[in-house]
Structures are given as C-alpha cells and as structure tokens.
Amino acid sequence: MAPRVVVIGLASDFGCQVQMTNIEDHLLDVLGLIDLTYWQLASSGHLPAEYDVAIVEGAVTTEAHVEALRRVRETAGAVIAVGACAITGGIPAIASAGELADRYGCVYGEGGAEVACGRIAPMPVTAVIDVDYRVPGCPLDTDEFLRVLSRALQGLSGRIPEEPLCAACKTRENICFHDRGELCLGLVTRTGCGAKCVSLGRACTGCRGIAADANLDAAYALLASRGIPAEEFTRRLSLYNTLEEGCDR
Amino acid sequence: MFFRVMDKARIADLVRGLSTEYEVIGPVAKGERFTFSVIEDPADLRLDFDTTILPPKKFFFPPEERMMRFRVADNEVVDDEAFASPRVLFGLHPCDINALLLMDNVFLGEFEDPYYKAYRDATLLVGVSCSPRETCFCNAWDTDEVHWGFDIFLTDLGDRYFVSVRSVMGAELLDRHVETSPITAEDTAEFQAVVREFKRAFPAKLDTSQLPLLLDAKFDDPVWDELGERCLSCGACSMVCPTCYCFDVRDDLDPDQRSGERKRVWDSCQFSEFSAVAHGQTFRESRASRVKYRYYHKQWGYLSKFERVLCVGCGRCTHACLADISPREVVTALVEGSEAR
Amino acid sequence: MSTLTVEHVARIEGHGTITVDVEGGEVRDIRMDVIEPARFFESMVVGRRFDEIPLITSRICGICSPNHALTAIKALEDALGVEVSERTVLLRKLLVYGSYLQNHATHLYLFAAPDYVGLPSVFPLAKTAPEVVERALRIKKLGNDLTTLVGGRPIHPVTAVVGGFTAEPAPAQLEAFRAALLGIADDAVATAELFASFEEFDFAGAGEMLALFAEDDYAIYDGEISALDGEWRRPVGEYRSVLEERVVAHSNAKHSTVDGRTFMVGALPRINLSAARLGERARGAMRSAGLSPGSRNTFFNNVAQAVELIDAAERCAGYVERLLGTGGDSTPVPFAVRAGSGAGATEAPRGTLYHGYTVDDDGFVTAGDVVTPTAQNLGNLEADMRAFAPTVADLPREEFLLAIERLVRAYDPCLSCAVH
Amino acid sequence: MTASTTYRQLKANPYRPWPARITSIVDLTEKEKLIEMRLIDEAAREAFSFDAGQFVEVSLFGVGEAPISISSAPSKQGFIELCVRRAGDVTSALHQKQCGDIIGIRGPFGRGFPFPEMKGHDVLLVAGGLGIAPLKSLINHIHDDRHDFGNVTILYGAKNPSEILFRQQFDMWKHREDFELIMTVDQPDETWDDEVGLVTKLFDRIDVDPARTYGAICGPPVMYRYVIDEMRKKEMDADRIYVSFERRMKCGIGKCGHCGVGHQYACIDGPVFNYWEAMNLQEAI
Ligand SMILES: Cc1cc2nc3c(=O)[nH]c(=O)nc-3n(C[C@H](O)[C@H](O)[C@H](O)COP(=O)(O)OP(=O)(O)OC[C@H]3O[C@@H](n4cnc5c(N)ncnc54)[C@H](O)[C@@H]3O)c2cc1C
Ligand code: SF4
Ligand code: SF4
Ligand code: SF4
C-alpha cells in the first residue's frame with residue numbers, strides 16, 4: 001500500500017508548498033508513489049484521522065498550531081519539517097522579539113490586540129515536536145525535498161548537512177565576498193543549497209540556518225578583526241535565525 | 001626531452017590549432033581572480049595569471065561525479081562507464097603538475113580508479129612558468145620545478161617561450177599547429193637566467209626540518225588548540241587544494257525510486273561527520289584534532305606511503321582561509337615553536 | 001437560524017472559512033472569516049536595513065514573491081531617489097510575468113478547474129486527461145523557468161536588488177528562452193478555450209474596479225492607479241489617500257474601499273481597463289471567449305487570467321528580444337543612502353500591490369506599509385457573496401456551498417498575503 | 001594474490017559491486033543476523049579468496065554501502081558469511097533482505113590476521129560483543145588446520161546472555177578438548193551461571209606462554225587499551241598482539257580518506273594492525 005502523505009501549512013507564505021508543486025518534471029512520478037490524502041492548497045477534503053507521513057510547513061504562531069502539531073506527532077510515523085519557518089522560525093520569527101500586542105498595534109492600530117486571542121510568539125515546528133526529517137532553506141530546494149521525501153519513504157534516517165557553506169561556494173569558484181570586504185553569512189550557514197545566492201552575486205543571508213559545525217565564536221572574532229562589529233553580524237544573522245543559539249551578541 | 005623556442009604571439013595559433021582536435025582549457029579571468037575554463041576565444045587565455053581559485057583537479061576528479069547508474073529492484077549496475085572526451089589543459093604551473101602526480105599515486109596506484117584514469121588518459125597537459133607570489137612556498141617541497149608529467153612546458157622568456165617537449169603527442173601537436181624554431185645557446189642561457197631569477201624571487205624559504213617527526217613529537221602542542229579555536233570548519237582549504245582528494249559517496253534515487261545513481265562528492269576532514277560512525281561516535285570530535293589531522297596526513301600520512309609530502313605549496317588554502325590559517329604558519333609554529341609566529 | 005460553514009476553504013492560498021447564516025431557507029448573512037494568523041510584516045520591517053526589506057517582504061507570499069520583492073524595491077528606490085536603467089526595468093517586467101505564468105497556471109488548473117469537472121483536486125485528471133495536466137505543468141514550469149532565469153530561483157528572487165540586478169542571464173539562455181515562450185502561446189490559447197467552454201454563473205458584481213494603467217503598455221510594472229467607474233487616475237504615491245482600509249472583527253485581514261465603495265482588483269479589472277493594450281492574439285482569444293471589456297461577472301476573472309497568459313507569452317518574447325538586441329547594463333546603480341519616504345506599486349497576478357516605506361539617514365526602515373490585492377478584494381468579495389448567495393439559495397446544500405466556493409476561488413484569493 | 005591485483009587482472013572497476021545471492025539467513029539475536037551469500041559471477045567467485053580479518057563492502061543501491069568483516073573461514077570456498085548488526089541505514093536494509101535476494105559485494109579488502117605466521121603457536125583471542133565476527137573467521141580457520149596450532153584460548157565478553165553470538169558453535173567448541181572458551185557477561189540473568197564482569201577479568205583464569213603466543217583482539221573501541229594491558233602483563237610481545245579497528249569508510253580501497261587512523265588508513269593498512277604499529281598510530285587506541 002502506498003504511504004499516506006499529508007501536507008500541513010502553519011504560518012507561512014506557502015512558498016515551500018509552492019516549491020513542492022514546482023517539481024513539474026517529476027510531480028507525476030512522485031504522485032505515483034504516494035497516496036496524497038490531504039493537501040489544503042491543492043485539494044478539497046479534510047485532514048484524515050490516520051496517515052503515515054506528515055509534511056509540515058510554516059512557523060507556529062497560535063495555540064491551535066501547537067495542539068495540531070502534537071496530534072500530528074502522535075499520528076504520523078514520520079514528520080518532515082520543510083522550510084526555514086518550520087525549522088528555525090525563519091522570517092516569521094523576527095516577530096518573536098518584544099511584545100506581541102505592540103505588533104498588533106503597529107499593524108491594526110488601536111485595539112488591535114483584541115484580535116490576538118490564541119496568538120503566541122512565533123517559533124519553529126522543531127521547538128514543539130521532534131521531527132524525523134528536515135528540508136531547510138527559504139524556500140526549500142525542490143531537489144533536496146525530493147531526496148528527503150525519498151529517504152522518508154524508504155524509511156532511511158534523516159540526515160542534513162552540518163557544515164558551513166564555504167566549501168560548496170569554493171566548488172562554484174565564486175569570489176568570496178569577504179575578499180571585497182563585504183559580509184557573507186556563508187561562513188556559518190548550513191550548506192546544501194549549492195551556494196545559490198553567492199553564485200548569483202549576492203552574499204548569503206543564512207536562510208538554511210546555522211550549521212552545527214559552524215564556529216560562531218571564531219566567526220565573530222575574525223569579522224571584528226576585519227572591522228565588522230558584532231551587532232552588525234548579529235543583525236544580519238537574525239534575518240532567518242532570530243531564535244538560533246549563539247547568534248545573539 | 002627536446003626543446004624549441006616559440007614567438008609569444010604564436011600562442012593564439014597554437015590554441016586555435018589545438019581547438020580543431022581538442023577541447024582547450026586554460027586560465028581565464030573571473031573578476032579579480034582566475035579559473036580554468038574552456039577557451040572559446042584564444043584572447044581569453046591569460047597565461048599571465050597568478051593562480052586559479054580551484055586547481056586543475058576538478059577536471060580529473062570533479063566536485064560531484066557520477067560513478068554508476070543502478071536499478072533498485074535487482075540491485076544491478078546499469079552503467080559504470082568512465083568517459084572523457086579529448087582535451088588539452090593549458091597553463092599549468094609547476095605546482096599544479098606536481099599536484100597531479102601526487103594524485104596519480106592515490107588514484108592510479110593500488111586499485112586503479114577508472115574514472116580518474118579515463119580523464120587523465122584523455123588529457124594533454126601544457127605547463128607554463130610562473131613567478132612566485134607572497135603566498136607561494138613550493139620551493140619548500142621542491143615542487144617549484146617539474147621534470148615530467150607534462151606534454152609541453154612553456155617558459156616565459158619575455159618575447160618568446162622556451163618550449164620543453166616531453167611527449168610524442170606534445171611534439172606532434174607542436175609540429176602540426178605552430179611555427180617554432182630550434183633553440184640557440186642564447187636561448188638556453190636566457191632560460192637559465194630566468195630560472196635563477198625565479199628561484200631568487202621567492203619569499204624566505206620555509207624551514208621544514210624534521211617536520212614528520214615533529215608532527216608526532218608535538219602532537220599535543222597547544223598550537224593545535226589555538227588553531228582549533230580559529231578554524232571555521234568550513235572545509236574551504238580542502239576544496240581549493242590541488243592535492244586533497246577525500247570524497248563522500250551518495251546514492252541518489254530518481255523521483256520514481258526505481259533507479260538512481262551513485263555519486264561521489266568532494267569531502268573534507270574538517271567536517272565533524274567525516275569520521276563519524278554508526279551511533280554518532282566521532283573519532284575527531286574537536287576542531288583542533290581535525291585541523292591537526294589535515295596537516296598530519298599531508299605532511300606525514302601520505303609521506304609514509306609515497307615518500308612525498310601531500311602539498312605543493314601553491315598557497316590556495318592560505319588565500320581561501322578566512323581565519324588566515326596557512327601551511328606556512330602551521331609549519332613554522334611546529335618547527336620554530338609557536339612563539340616564533 | 002442555522003449556520004453553514006466551509007472550513008479551511010481548499011485550493012486557495014491561506015486559511016479561511018466561509019460562514020453562511022440561514023434562516024427559514026433565506027440567507028441572512030454570509031462572511032469570509034480569515035483565520036490565517038498575522039505575521040506582522042509591517043512591524044517586522046521596522047528597524048531593518050533597506051537591503052533586507054525585499055527579502056523580508058517577498059516572504060509575504062510564495063506565489064507573488066517577485067511582486068513583493070519588486071514593489072518593495074520600487075518603494076525604496078522612490079524613498080532613496082534611485083533611478084534604474086531601462087534594462088533593469090525590462091528584466092523586472094520579465095520577473096513579474098514569470099509570476100503571472102506560474103500563478104495563473106496554478107490557479108486555473110490546480111485551484112479552479114477541479115470545480116468545473118466535479119473533482120476534489122486536479123490529480124485524478126493525471127490519469128483521465130493527462131494532456132490537460134501536462135499542459136498545466138508546462139505553463140507553470142515555463143513561469144518557474146522565467147523567474148529562475150531572471151531571479152535565480154522559482155520564488156523569492158535572489159538577483160533583484162535596489163538599483164538593479166546582481167546577475168543577468170547569459171545571452172544563450174535568453175535566446176533559448178525566447179523560443180520556449182513562443183512555444184507556450186498555443187498552450188495559453190488552449191487554456192483560454194478550456195475556460196471559455198465551462199459554463200459560468202450569470203452574475204454581475206456591483207463594486208468598482210481598479211488597476212494600474214499606462215498609455216503605452218499593458219501596465220503591470222508601472223502606471224497610475226485607475227478606476228473603471230470613477231474614470232479617474234491618480235499617481236501611485238497617493239495610494240494611501242485613495243484607499244481606505246479598516247479593521248473588521250471576523251477577519252485578520254483588513255477590508256478596503258475606494259470612494260466609499262468596495263472594489264475589485266485582478267485580471268478582470270486589468271483587462272477591463274487595458275484591453276486595447278493587449279496583444280493581438282490575446283484580444284482574439286478574449287473575443288472568442290465572450291469576454292467583453294467592461295464585464296462585471298466576477299467569475300470571468302478566470303478566463304481573464306487565461307487571456308493574460310497568452311499576452312504574457314508574446315509580450316515576454318518581445319522583451320527578451322529587446323534584451324538581446326539592445327545593450328545596456330543592469331548592475332545596481334550606485335546611490336547614496338539618505339532619509340526619505342517612498343511608495344511603489346506593481347500589478348501582482350491577483351491585482352495591484354502597494355508598498356510604502358520611510359527610512360532614516362542610515363537606511364533603516366522606521367515605518368512600512370503593505371496593501372495586498374486580496375486585502376483590497378475581501379470587502380468586495382463579501383459584497384459579491386451577499387449578492388450572489390440568494391440567486392443560488394435554492395440549490396441543494398452541497399451545491400450551494402460549492403457555488404459560493406467557486407465565487408471565492410474566482411478571486412484567486414491569497415489569504416496569507418491578505419493578512420501578512 | 002592481493003585484492004588489488006585480482007581487480008587488475010579481472011579488469012574490474014573496484015567501485016562496482018559484484019552481485020551476490022543470499023543463500024541463508026540466521027537470526028542470532030535481536031540485533032544481529034548471520035547472512036551467507038554466494039557471488040553470482042563465476043570469474044569473481046573464483047578470484048574471491050580472503051584472509052581472516054578482511055572485510056567486504058556490502059552495497060545496497062539506493063541506500064549505500066557498509067564495510068563488514070567476513071566471518072566465515074577462508075576455506076569455505078565460494079561462500080561469504082557476514083555477521084551484521086543493525087546499526088543504521090545499510091545494515092537495517094540488509095536485515096530486511098530475504099533468502100534469494102541479490103545484494104552487492106566489493107572486496108575482499110584490507111589486511112587480515114597473519115595466519116601463516118601464527119601457525120605453530122598458541123593463540124589467545126579476545127572478543128567483545130560484535131568483535132567476535134572477524135575473530136570467528138580466524139577461529140574457523142584455525143579449526144580447519146587445528147593440528148598446526150598449540151593452545152587456542154578464546155575470551156569473550158558480552159553485555160548480557162541474550163547478546164552472545166554464535167552460542168551453539170561455542171558450546172560445541174567448549175565440549176572439545178582443543179579450544180578453551182571462557183565467556184563473561186556484564187549483566188547476568190537467571191540462566192547465567194558463568195563469569196560476570198569485564199572480559200579483562202578472565203585473564204586471571206588463563207596461563208599464557210609469552211614466548212609462543214599470538215594475541216588477537218576485536219571489540220568496541222574502549223576495550224582495546226585494557227585488554228592490551230592484560231596481555232602486556234602476561235609479557236606478550238607488542239608485535240604479536242593483533243587488533244582490528246573500525247573506522248568510517250566509504251571506498252574501502254584507500255581513496256576516500258575517511259578511515260584515517262594516525263598516519264595510516266584502516267581500509268588498506270588495516271583493519272588488522274599489530275600492537276606495535278597501533279601504538280605508533282596517533283589517536284588509535
Ligand atoms: C573494517 C570494518 C569491519 C566491520 N565489520 C562489521 C561486522 O562484521 N558486522 C557489523 O555489524 N558491523 C561491522 N562494521 C561496522 C559497520 O560497517 C557499520 O555498523 C555500518 O557501516 C553502519 O552503516 P549503516 O548504514 O547501517 O549505518 P549509518 O549510521 O546509517 O551509516 C551511514 C554511513 O556512515 C558510515 N559508517 C557508519 N558507521 C561506520 C562504521 N562503524 N565504520 C565505517 N563506516 C561507518 C558508512 O559509510 C555508512 O554508509 C565494520 C566496520 C569496519 C570499518
Ligand atoms: S521557509 Fe520561506 S519559502 Fe518556506 S514557507 Fe517559510 S517563508 Fe515561505
Ligand atoms: S546562499 Fe545562503 S541565503 Fe542563499 S540559498 Fe544558500 S543558504 Fe540560503
Ligand atoms: S595544502 Fe595548501 S598550499 Fe599545500 S597544496 Fe594544498 S592548497 Fe596548496
């Protein structure tokens with residue numbers, strides 16, 4: 001029997017789900033392997049009571065999300081967290097700083113806080129439940145998604161690259177931004193995107209999260225020696241990694 | 001070996017001629033740096049380059065390479081053919097040619113690697129002389145000279161090249177595609193003068209006395225901890241190194257999950273996963289032990305097998321390392337004591 | 001009184017619920033509850049440097065991300081006084097059209113079409129009518145390829161920055177792409193034919209219609225705010241005084257009015273205002289689909305999108321030709337960071353999108369404002385629902401709700417955008 | 001003939017696995033299975049000869065490869081037996097295979113135990129847990145040429161009685177005069193009436209003639225130092241004590257670099273080293 005797969009979106013831009021539909025060349029192959037039982041974005045129907053694999057996108061921003069996730073964890077044999085929102089909190093986690101009520105005020109004006117019922121400070125899915133697989137990035141990379149999905153379907157372990165981006169960037173023979181005195185976050189960012197941004201002339205903004213192998217202390221020290229103050233580095237890191245450990249100095 | 005001289009302006013003829021039979025690859029500018037790339041127009045060839053970001057190893061051992069295609073159902077190999085089309089690699093400095101010879105020991109020695117061999121067999125090498133930069137220390141390992149391992153070598157004599165021809169193929173190609181003349185006594189004298197000047201231009205020679213022994217004797221030296229604190233564990237040094245050959249192997253399934261390919265990709269001993277075994281045990285847990293291992297293997301492990309050091313002093317890692325860790329610094333710290341830095 | 005609901009309306013972006021209060025067989029009230037939680041983008045941009053803003057705001061929406069990025073860039077360029085090259089503008093237009101191809105193909109085939117063939121999703125069609133699914137995927141892929149070609153990836157463009165582009169496609173890539181664009185035109189025509197063949201409800205909305213308008217172009221990147229009924233035009237910089245936004249109790253997204261009326265934005269208003277500026281083939285398709293300029297039938301927004309697909313394919317081929325034929329440079333122009341305020345607008349696939357920012361001397365944002373197409377549409381959508389529901393009230397319950405859902409989907413709403 | 005010359009002669013791609021058919025599977029414990037296979041290709045089967053202590057790379061396409069020691073005796077021509085613990089992806093997938101399934105095998109690789117040298121001597125084998133797998137090959141080999149050896153002693157420690165491998169075979173040897181086998185467990189249960197404690201404890205019970213004894217050790221990394229200490233206390237020569245190392249491996253043929261141990265590679269210079277060599281390998285023990 002084909003594994004029953006559900007796709008669940010929390011607070012997000014649906015970008016990772018859109019990326020999942022962006023595997024046009026292979027979409028039909030993949031659909032042939034699974035029984036896609038729930039995907040609100042693409043199909044009518046309800047979240048079934050039983051399923052094997054849950055793909056979860058988005059950040060947790062309400063009590064309802066927390067509850068929903070706990071149920072997902074109890075039900076699903078395997079949980080795949082996709083995208084920066086679900087894994088590090090991503091862009092939505094920028095709003096985790098300070099008081100939520102103030103943000104309501106800023107967006108909705110006076111009395112905005114009334115709408116805030118059930119709202120909590122944004123956090124990643126991984127802060128609420130254990131996940132078996134992760135597809136980082138903002139947005140996710142479709143090839144990587146396919147590889148991880150394939151591992152999940154085969155029941156293989158969830159592996160995620162743990163080293164910084166620079167090595168991959170070298171294989172693309174990019175000119176290092178730091179050589180030109182510009183800050184690039186690749187030196188601490190988890191690899192796996194093929195140094196996409198740098199290869200397109202843009203410094204890495206850290207969307208794949210902080211690599212486990214990263215040496216943040218050394219990065220802060222060497223940037224300071226090159227005239228980039230800690231606050232600047234912290235601010236840049238906080239774009240996708242507000243809640244990640246070690247980038248808050 | 002025999003020798004000719006060739007007008008510098010003739011290099012375009014040679015490249016154009018070779019292009020009729022081969023894919024010609026050589027150094028071209030990329031921003032303020034250089035890369036080995038396919039030469040579409042001889043004017044793009046920049047034989048005055050300093051060094052390239054990646055070494056020529058990418059043409060023999062690509063960053064990501066398919067080893068075989070397979071079928072899952074019966075665990076069968078569908079295709080493991082190693083294929084390479086004929087090409088000429090133009091503009092290798094002596095260090096880069098020496099580096100290939102060191103790679104040969106690994107890939108063409110015991111258990112010949114069919115993929116590397118196919119590329120190697122299909123490629124002719126044209127070397128070119130260089131002038132040392134401040135990060136160069138090839139003279140420390142005697143890799144500033146190269147006596148074999150190339151088909152043609154060009155030494156820059158200002159207005160002309162002193163051409164050393166090592167192989168039959170090299171001789172034939174030269175004959176077919178470019179006008180050269182026999183060398184005169186003056187040419188040879190000038191060649192010697194150029195070589196002498198080249199040797200003089202190096203920064204202070206690196207002291208490597210008793211290096212392999214010191215690596216063991218100072219295995220617990222605090223210098224490694226200090227380096228470990230600075231190292232970013234990014235692996236850039238291994239990627240740009242012409243002699244680093246470690247790789248990881250991965251199976252990627254096609255989207256239909258019925259077939260797929262086994263690939264190898266460049267890896268680095270600076271990553272914590274590199275030495276991890278099942279259940280998460282890692283043999284080189286600390287960053288310090290990983291930095292140390294890179295030098296230990298290059299300066300001693302490889303030497304113990306092949307009687308050469310696994311470094312050609314090209315300085316690429318020095319340039320790539322944002323933490324400014326360089327073989328020059330590490331060797332000096334070991335040989336002269338860390339306070340000497 | 002009984003209440004009917006459609007929870008988590010499927011095949012739209014974001015989370016919303018339709019609630020209908022019925023009493024004695026009559027529809028008393030009908031609402032679109034937008035339960036999608038806010039992510040507070042307007043507060044998140046405050047305190048961040050200008051160069052991060054396009055990155056942040058493009059995460060408002062994964063479908064029209066190029067629009068969010070470009071609209072933010074335009075607003076910031078307005079604030080910082082940056083003038084970009086003609087080549088940059090051409091590339092940006094391509095980027096916008098990339099999202100049109102993607103969005104319209106996704107909306108028409110993945111979201112809307114299942115309603116007309118009575119299926120829960122498009123996937124079963126893969127078996128019964130593979131050519132339709134393949135066509136949908138072809139158009140969508142071309143859209144992805146276009147945004148990837150110009151922006152570096154299918155969504156959340158990497159290369160577009162304040163002042164220009166950090167990388168440009170190689171001429172050979174552009175050349176190959178021109179052919180692909182011309183090749184897709186037939187698929188676009190087939191799409192228009194398919195949607196023209198579906199039977200639509202006969203319904204006329206009562207709202208105003210708004211879109212950007214330019215004399216010399218089918219305005220998607222530049223132009224003035226233009227009203228169909230009001231027959232006025234106003235510069236984008238005045239968008240704040242043109243649109244009135246208010247908070248409503250049942251929705252995390254605000255509702256908008258103009259001249260005191262609800263209004264619609266999107267493909268239908270665009271075509272109503274700029275039909276004369278469409279390419280020839282698109283106009284032909286429009287005629288054969290029975291879509292006449294000035295149409296009030298909201299459901300025709302679908303076929304209007306299909307017509308835009310045809311126009312997009314041909315127009316982009318022309319742009320690519322110009323990029324190949326004329327020189328110029330798209331590398332970011334140099335500029336000095338200074339304090340200022342600015343506004344920008346583009347036509348996103350779903351309608352006009354506005355961004356406005358104030359930056360300080362160091363280029364840090366002190367205030368930000370984003371008005372998305374769906375937020376503008378929501379008030380009108382509810383007005384339409386109220387007018388439409390009684391006309392289908394005697395249908396069996398399932399069919400009734402489906403009819404309402406169809407109306408909602410015709411707007412191609414993006415609730416995550418609307419709330420942001 | 002070494003493996004590399006075999007590969008050269010067969011003109012075989014050393015990365016290309018040979019298909020092998022599983023001929024028998026025995027469940028040993030919850031985590032370990034004994035899997036026997038036969039190479040399908042005749043030329044490969046004929047060329048395939050190995051020393052006790054060598055390993056093969058087991059290849060399951062789509063999952064990956066894992067180095068596994070051969071546990072059968074070299075004399076059992078044509079068959080390869082592996083004792084596999086379920087540890088991760090490849091080994092779990094291998095556990096799901098059935099008799100008759102086809103898997104891939106590359107090898108034999110590495111340096112095994114110096115069997116010819118050991119002949120004519122006493123042998124002391126010390127195994128911890130799964131470490132008994134490569135030693136079993138050696139024991140079987142000795143068994144085949146039993147008359148060429150003096151005393152053969154096996155010390156074997158396991159976590160608990162249910163994790164003891166090859167119990168039946170051991171029971172058989174135990175009742176024979178010519179093998180001395182002593183077992184111990186860390187955590188005994190009610191069925192256990194033998195030794196309790198670490199394997200080093202068993203050294204009190206044996207006599208060793210250092211002048212004529214070879215040692216062979218295989219087990220978890222933490223075990224080596226303590227066992228070697230005991231052997232050294234018995235005055236055995238460093239270069240007659242053999243240890244087998246386990247490191248991460250990808251290629252098995254000295255190229256991928258993962259198995260570096262000190263200045264050597266575990267795959268081609270080992271996995272079996274004598275203690276004198278191992279002492280000179282940094283971070284080995
Ligand atoms: C010379 C040698 C002999 C061995 N003999 C046996 C044996 O007889 N029986 C047995 O059950 N196990 C043996 N092992 C250990 C076995 O190789 C690992 O348990 C196995 O590789 C784990 O792979 P996996 O895919 O199941 O686990 P995962 O953790 O999923 O491994 C992932 C990858 O990591 C690498 N890896 C992980 N652990 C090891 C390891 N310990 N050694 C080398 N690479 C590793 C492999 O490349 C593998 O593909 C031996 C190891 C070596 C080096
Ligand atoms: S990770 Fe990025 S692309 Fe994915 S949902 Fe979040 S914001 Fe969107
Ligand atoms: S380069 Fe950095 S920002 Fe860009 S995709 Fe990779 S990790 Fe994300
Ligand atoms: S170690 Fe550094 S200097 Fe030596 S060959 Fe490698 S890159 Fe060049």
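These numbers were taken from a predicted model, which means no experiment stands behind them. Naming convention: chains lettered A, B, ... in sequence-line order (proteins, then strands); numbering from 1 in each chain.
Rounding to the nearest 0.5 Å gives a distance of 4.5 Å between CG of B:L322 and SG of A:C176. Rounding to the nearest 0.5 Å gives a distance of 9.5 Å between OG of A:S150 and CG of B:D254. Atoms CE and SG, on B:M239 and A:C169 in that order, are 12.0 Å from each other to the nearest 0.5 Å. Between the NZ atom of B:K30 and the CG atom of A:N174 there is a distance of 5.0 Å, given to the nearest 0.5 Å. With values rounded to the nearest 0.5 angstrom, B:R230 atom CZ is found 14.5 Å from A:D217 atom CG. B:L54 CG to A:K170 NZ: the interatomic distance, rounded to the nearest 0.5 Å, is 9.0 Å.
Of all the listed residues (A:E163, A:R159, A:R147), the one sharing the greatest number of non-hydrogen pairs under 4.5 Å with chain B is A:E163.
Around atom CD of B:E273, no more than 12 heavy atoms belonging to other residues, nucleotides or ligands sit under 6.0 Å away. Within 6.0 Å of the CZ atom in B:R250, the count of heavy atoms belonging to other residues, nucleotides or ligands does not exceed 12. The environment of A:E50 atom CD is sparse: at most 12 non-hydrogen atoms of other residues, nucleotides or ligands sit within 6.0 angstrom. In this structure, B:D74 places its CG atom where more than 12 heavy-atom neighbours from other residues, nucleotides or ligands lie under 6.0 Å away. Heavy atoms of other residues, nucleotides or ligands lying less than 6.0 angstrom from CZ of B:R258 number 12 at most.
For the residue pair B:S272 / A:D213, a side-chain donor-acceptor distance below 3.5 Å is found, with atom types taken as modelled.
Each of A:D143, A:I23, A:L146 was checked for a side chain to side chain contact (heavy atoms under 4.5 Å, CB included) with B:P255, and the lone residue meeting it is A:L146.
At a 4.5 Å heavy-atom cutoff, the contact between B:D252 and chain A is made by side-chain atoms alone. With a 4.5 Å cut-off on non-hydrogen atoms, B:L253 touches chain A through its side chain but not through its backbone. Neither the backbone nor the side chain of A:R151 comes within less than 4.5 Å of any heavy atom of chain B. Proximity to chain A is limited to the side chain of B:D324, based on heavy atoms less than 4.5 angstrom apart. Contacts between A:A221 and chain B at a heavy-atom distance below 4.5 Å are absent for every atom of the residue. Only the side chain of B:R287 comes within contact range of chain A, judged by heavy atoms closer than 4.5 Å. Heavy atoms closer than 4.5 Å to chain A are found in both the backbone and the side chain of B:S233. Using a 4.5 Å cut-off between heavy atoms, B:E64 makes no contact with chain A at all.
In terms of heavy-atom proximity, B:C231 sits nearest to A:N215 at O-ND2, 2.7 Å. In terms of heavy atoms, A:D179 sits closest to B:H319 at OD2-CE1, 3.4 Å.
Salt bridge annotation for B:R33-A:E173: absent, with no cationic side-chain nitrogen under 4.0 angstrom from a carboxylate oxygen.
Judged purely by atom type and a 3.5 angstrom limit, B:D256 has no side-chain atom pairing as donor or acceptor with the backbone of A:V30.
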